[in-house]
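Chain identifiers are assigned alphabetically (A, B, ...) following the order of the sequence lines, protein sequences preceding nucleic acid strands; residue numbering begins at 1 within each chain.
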Amino acid sequence: MLDIQLLRTQPEQVATGLARRGAAIDLAPFEALEAERKQVQTLTQELQQKRNTLSKQIGMLKGRESKGEDVAASLADVMGEVAGLGDALKANEDKLAVLLAQLDAFVAQIPNLPHESVPDGRDETGNAEIARWGTPPVFDFAVKDHVELGEGLGGLDFETGVKIAGSRFTLMKGDIARLHRALAQFMLDTHTREHGYTEVYAPYLVNPDSMFGTGQLPKFEEDLFRVERSDGSRLYLIPTAEVPVTNIVRGEILETERLPLRFVCHTPCFRSEAGSYGKDTRGMIRQHQFDKVELVQIVPPEASWEALEQLTGHAETILQKLNLPYRKMALCAGDMGFSAAKTYDLEVWLPAQNTYREISSCSNFEAFQARRMQARCRDKGGKPRPVHTLNGSGLAIGRTLVAVLENYQRADGSVGVPEVLRGYMGGVEALGVR
RNA sequence: GGAGAGGUGGCAGAGUGGUCGAAUGUACCUGACUCGAAAUCAGGCGUAGGGAAACCUACCGUGGGUUCGAAUCCCACCCUCUCCGCCA
């Protein structure tokens, strides 16, 4: 959520920022609402003040009455004066509540403003390559994709996934399932031991407040899986661990000196993938359910830009240790997610597609999520101010598995196990070798 | 699922219709005393909105209601704890 003060005082700045995203905004309705809000709020508060004053007078008169004084006349006066207030006050309070709700709703659906360092651009073609690491492997045989490799190894079973649940679900078995688990373990261990993150286990279903806090609601409900409960309430399956983990600090006022908080969390992620029909339908690239190790940081406002570079580096470390070639992209303003002020995507080399594909997305949200969540920090004796939040995949496990299979494949259809994973694989050096 | 208890400021904990945004303790901040600390003493110390300011308004789990006036009474819901049942 943007700072409503910014909308009031610097509307041009907001409009300019949103225009970079390709999102035009009409501020006229906002300004009209604001003008009315101001007027109604002032009037309401004046009426409240009057009522409070008169009610206190009644209280004092009653007190004197109980001591035997005759105050009947003044009591009648005051009662008469307050009698007319009720309806007007109620009407104004109701009107104000509606206005405030409308203002909230308006501000809540405005995306974050891009940071000045974010490149211009309308869509993914505007993204800027920042760096490349590693060299795509050269094969002297016909390259297979992960579907062929995984099915050949007997460990990726798309048909059974479809039978059990439907399209975009996969069943993994045997060594592939173990490799998948090994990847998660390896990532968690690296981030906790080498990068200073605290491991977190979090709920996979969350309430609407949490989804609002990180910005999935109200605008993106169609991307979520929803669970209706018998009591009429609802929960949502998390589309990323970002949601439960960032919401750890919702409604909290933290001591600045105890920041930053760094959390790492491995969860399944559930995405309805509405609107992506026909896209990446083959294989494991785009699934309704996939696992991800997520990095989350809660930092003081002045520290978030340095933290974004660090956090992105933490995700890159995983790719480097796995020896997977990748490139680092700065998303352009038009391609960024709703809540982000700046996003780096890491794209891993996929030989079968002969291209780089997104495997991690690292973002600084500045105070955008913190304002929605009322997550604040306070210096000793100071005023509370919103924290800054960041997160990034470190990494998406399903896609990492795809990248390992394709980059480590051999002519006979077997697949080498990256050295850093062998300890998690009982020493196995390759899959499919007999 | 059944029965009971309870949700008040960072924490603890009073407050059952009238200057209660809320006693008291504790934590924290400032000052005094001290070489310094501890102890002691004095003052300060919730969040948010409006206002140039004085100051005003709202908030006692959430949402309704009664009332001139609600932390306090009524209704619904949520959450926590204890016991029983069930359960990985």
Starting from [atom2] on [N], measure out to [atom1] on [X] and report it in whole angstrom.
X         : N      : atom1 : atom2 : result
Asp77(A)  : C68(B) : CG    : P     : 17 Å
Leu89(A)  : G69(B) : CG    : P     : 9 Å
Asp94(A)  : G63(B) : CG    : C1'   : 14 Å
Glu255(A) : C29(B) : CD    : P     : 10 Å
Lys56(A)  : G17(B) : NZ    : P     : 18 Å
Leu47(A)  : C68(B) : CG    : C1'   : 14 Å
Leu75(A)  : G18(B) : CG    : C1'   : 12 Å

For atom [atom1], what is the distance between [N] and [M], given to the nearest Å?
N      : M      : atom1 : answer
C45(B) : G50(B) : P     : 22 Å
G9(B)  : G15(B) : P     : 16 Å
C59(B) : U8(B)  : C1'   : 12 Å
G51(B) : A37(B) : P     : 44 Å
A70(B) : G4(B)  : P     : 31 Å
A48(B) : G31(B) : C1'   : 30 Å
C33(B) : A23(B) : P     : 30 Å
A88(B) : G49(B) : C1'   : 49 Å

Requested in this report: State, yes or no, whether a side-chain contact exists between Phe212(A) and Pro218(A) at a heavy-atom distance under 4.5 Å.
Outcome: yes
Report summary line: Comparing nearest nucleotides in RNA chain B, the 5'-proximal residue of the pair Lys90(A), Gly59(A) is Gly59(A)
Watson-Crick/G-U partner (both atom distances under 3.5 Å) of [N]:
N      : answer
A23(B) : none
C68(B) : G18(B)
U40(B) : A32(B)
G6(B)  : C79(B)
A48(B) : U57(B)

Query raised in the report: When the aromatic ring centroids of Trp305(A) and His388(A) are compared, is their separation below 6.0 Å?
Result: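 No.
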Query raised in the report: Do His288(A) and Phe225(A) have their ring centres less than 6.0 Å from each other?
Result: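 Yes - the distance between ring centres of His288(A) and Phe225(A) falls below the 6.0 Å cut-off.
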Report summary line: Letter by letter from the 5' end, nucleotides 43-60 of chain B scores (B base, S sugar-phosphate only, - none; protein heavy atoms under 4.0 Å) ---SSSBSS----BSS--
Report task. Could you tell me whether Ile58(A) contacts a base, only the sugar-phosphate backbone, or nothing, with contacts defined as non-hydrogen atoms closer than 4.0 Å? Result ->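 It contacts base atoms.
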Query raised in the report: Is Arg168(A) salt-bridged to Glu273(A), going by a charged N under 4.0 Å from an acidic O?
Result: no
Requested in this report: Measure from the side-chain N and O atoms of His195(A) to the backbone N and O of Tyr197(A), and report whether any donor-acceptor pair falls under 3.5 Å.
Outcome: no
Identify each donor-acceptor pair in which a side-chain atom of residues 242-254 of chain A lies under 3.5 Å from a protein atom, sequence neighbours left out, and give them as a table.
from: Glu242(A); atom 1: OE1; to: Asn391(A); atom 2: ND2; distance (Å): 3.3
from: Glu242(A); atom 1: OE2; to: Gln369(A); atom 2: NE2; distance (Å): 2.9
from: Glu242(A); atom 1: OE2; to: Asn391(A); atom 2: ND2; distance (Å): 3.3
from: Thr246(A); atom 1: OG1; to: Glu242(A); atom 2: O; distance (Å): 2.6
from: Asn247(A); atom 1: OD1; to: Arg250(A); atom 2: NE; distance (Å): 2.7
from: Asn247(A); atom 1: ND2; to: Ser210(A); atom 2: O; distance (Å): 2.9
from: Asn247(A); atom 1: ND2; to: Val243(A); atom 2: O; distance (Å): 2.8
from: Arg250(A); atom 1: NH2; to: Ser210(A); atom 2: OG; distance (Å): 2.8

Query raised in the report: Stepwise, does the ring pair (Phe, Tyr, Trp, His ring centres under 6.0 Å) test hold for Phe338(A) with Phe220(A)?
Result: CA-CA 9 Å; Phe338(A) 179 75; Phe220(A) 306 101; 5.3 Å; yes
Report summary line: Of Gln216(A), Arg226(A), Glu221(A), the one forming a side-chain hydrogen bond (donor to acceptor under 3.5 Å, both in side chains) with Tyr236(A) is Glu221(A)
